[in-house]
Amino acid sequence: MKIAIIGVGNLGLSIAKGILNSNGTTSLYLTKRNLEEIREYDTHEIVTLTTDNREAVKNSDILILAVQPSQLEELLNNFKDLLTEDHVIISTITGYSIENMEEILGSNHNIIRSMPNTAISVGQSMTCICSNKKGEAKLELAKSIFNQMGHSMVIPENQMQAATVICASGIAFWMRLIRATTQGAIQLGFDAKEAQELAMHTCSGAANLLIESSSHPEEEIDKVTTPKGCTIQGLNEMEHQGLSSSLIQGIVASYNKISRIKENQL
Ligand SMILES: NC(=O)C1=CN([C@@H]2O[C@H](COP(=O)(O)OP(=O)(O)OC[C@H]3O[C@@H](n4cnc5c(N)ncnc54)[C@H](OP(=O)(O)O)[C@@H]3O)[C@@H](O)[C@H]2O)C=CC1
Ligand SMILES: O=C(O)[C@@H]1CCC=N1
């Protein structure tokens with residue numbers, strides 16, 4: 001596979017790291033206007049750094065677009081004459097619909113819309129994908145790329161905004177929960193480094209328990225909550241203080257924000 005990541009910022013670089021840690025890519029073009037921040041990637045055998053998006057498009061089969069939403073239209077207009085029917089165009093751009101992209105590129109291209117998260121850099125992204133009509137034939141290819149860097153799910157495009165909140169913003173939400181747990185552990189006497197280690201591995205263990213056992217969270221909670229014990233005492237206090245409710249309200253607030261932002265004008 002010859003891949004180009006167009007717009008190597010926070011997400012683009014995370015994807016680049018994920019690709020470099022996985023197999024199957026023979027050529028990886030990384031583009032941005034100022035290459036200084038990614039100079040160190042020049043040393044990788046398969047990597048070419050360039051400010052020239054047209055060069056990257058000409059030399060790649062799969063184009064992963066990771067610029068800011070306001071930068072996408074100009075970007076597509078810059079290289080659309082080079083696109084062939086074989087290119088697979090994978091957008092990661094928030095709020096930019098397939099219809100918006102087809103208005104610029106036409107419908108005769110394989111267009112995949114994706115929503116990964118920054119854990120893609122360590123091969124652990126939850127990535128949601130959908131496609132235009134022509135791109136349906138390339139969905140399996142897109143899935144195989146993202147599955148090498150975590151887990152993927154094909155969803156209808158009208159759920160993409162919700163997936164953005166749960167999966168992409170979700171990284172920030174879970175980080176804050178891990179941070180809060182860390183602060184609790186420090187208050188109980190662990191030093192900061194130990195506290196974070198305890199919090200993040202417990203979080204990872206809880207998620208993996210569900211992934212590997214396919215059980216329901218409440219089933220696992222029942223196994224931990226000894227009658228009259230400390231776990232149920234703490235859990236109930238958290239709920240009295242609104243833990244589940246505040247998480248749900250935060251998710252809905254995030255969704256309301258993303259829904260209010262007019263497509264194309266993020
Ligand atoms: N951050 C996240 O966790 C997630 C982000 N997204 C989406 O991914 C996209 C990127 O987000 P994020 O990485 O945070 O944004 P950044 O601003 O960090 O990255 C965008 C990059 O694009 C580069 N760029 C801008 N214009 C061009 C151009 N014409 N040609 C080549 N490169 C260009 C910029 O570098 P330079 O200025 O040097 O050109 C910059 O590094 C957004 O659309 C966002 O909605 C989706 C899911 C998660
Ligand atoms: O916060 C944002 O708006 C973008 C979309 C998902 C992650 N970052």
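Ligands are counted one by one from 1 in listed order, and the atoms in each one are counted from 1 as well.
- Between Thr94 and ligand 1, at least one N/O pair is under 3.5 Å apart.
- Contact annotation for Leu75 and ligand 1: only side-chain heavy atoms (C-beta onward) come within less than 4.0 Å of the ligand.
- Ligand 1 places these atoms under 4.0 Å from at least one heavy atom of Ala168: 47 (C), 48 (C).
- Of all the atoms in ligand 2, the ones that sit under 4.0 Å from a non-hydrogen atom of Thr94 are 5 (C).
- In this structure, of Ala172, Ala168, Ser254, the residue bringing a heavy atom nearest to atom 6 (C) of ligand 2 is Ala168.
- For the residue pair Ser144 / Gln148, no side-chain donor-acceptor distance below 3.5 Å is found, with atom types taken as modelled.
- Annotation for ligand 1: atoms under 4.0 Å from non-hydrogen atoms of Ile93 are 43 (O).
- When heavy-atom distances to ligand 1 are checked against a 4.0 Å cut-off, Met115 comes that close only through its side chain, counted from C-beta outward.
- Considering only non-hydrogen atoms, atom 42 (C) of ligand 1 lies nearest to Val67 out of Leu72, Val8, Val67, Thr92.
- Between Ile89 and Leu65 the shortest side-chain heavy-atom distance falls below 4.5 Å.
- Listed for the Asn100 side chain is no donor-acceptor partner under 3.5 Å among the backbone atoms of Tyr96.
- For the side chain to side chain contact (heavy atoms under 4.5 Å, CB included) with Met115, the qualifying choice from Ile129, Thr94, Thr127, Thr92 is Thr94, the only one to do so.
- Some N or O of Asn34 is nearer than 3.5 Å to an N or O of ligand 1, by distance alone.
- For Ile6, no nitrogen or oxygen atom sits less than 3.5 Å from a nitrogen or oxygen atom of ligand 1, counting backbone and side chain alike.
- No donor-acceptor pair under 3.5 Å is formed between the side chain of Asn78 and the backbone N or O of Glu74.
- When heavy-atom distances to ligand 1 are checked against a 4.0 Å cut-off, Ala66 comes that close only through its backbone atoms N, CA, C and O.
- Side-chain atoms of Ser254 never come within 3.5 Å of backbone atoms of Gly250 as a donor-acceptor pair (strictly under, hydrogens ignored).
- Using modelled atom types, one finds no donor on one side chain facing an acceptor on the other under 3.5 Å when comparing Gln161 with Ser259.
- No side-chain heavy atom of Ile111 sits under 4.5 Å from any side-chain heavy atom of Ser131.
- With a 4.0 Å cut-off on non-hydrogen atoms, Gln71 touches ligand 1 through its side chain and not its backbone.
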Go through Leu35 and Lys32 one step at a time and tell me if the side-chain contact (heavy atoms from CB on, under 4.5 Å) criterion holds.
CA-CA 6 Å; Leu35 294 173; Lys32 70 197 292 292; 4.0 Å; yes
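- Shown in contact with Thr164 at under 4.0 Å from a heavy atom are these atoms of ligand 2, numbered in order with element: 5 (C), 6 (C).
- Counting heavy atoms closer than 4.0 Å to ligand 1, residue Asn53 contributes side-chain atoms (C-beta onward) but none from N, CA, C or O.
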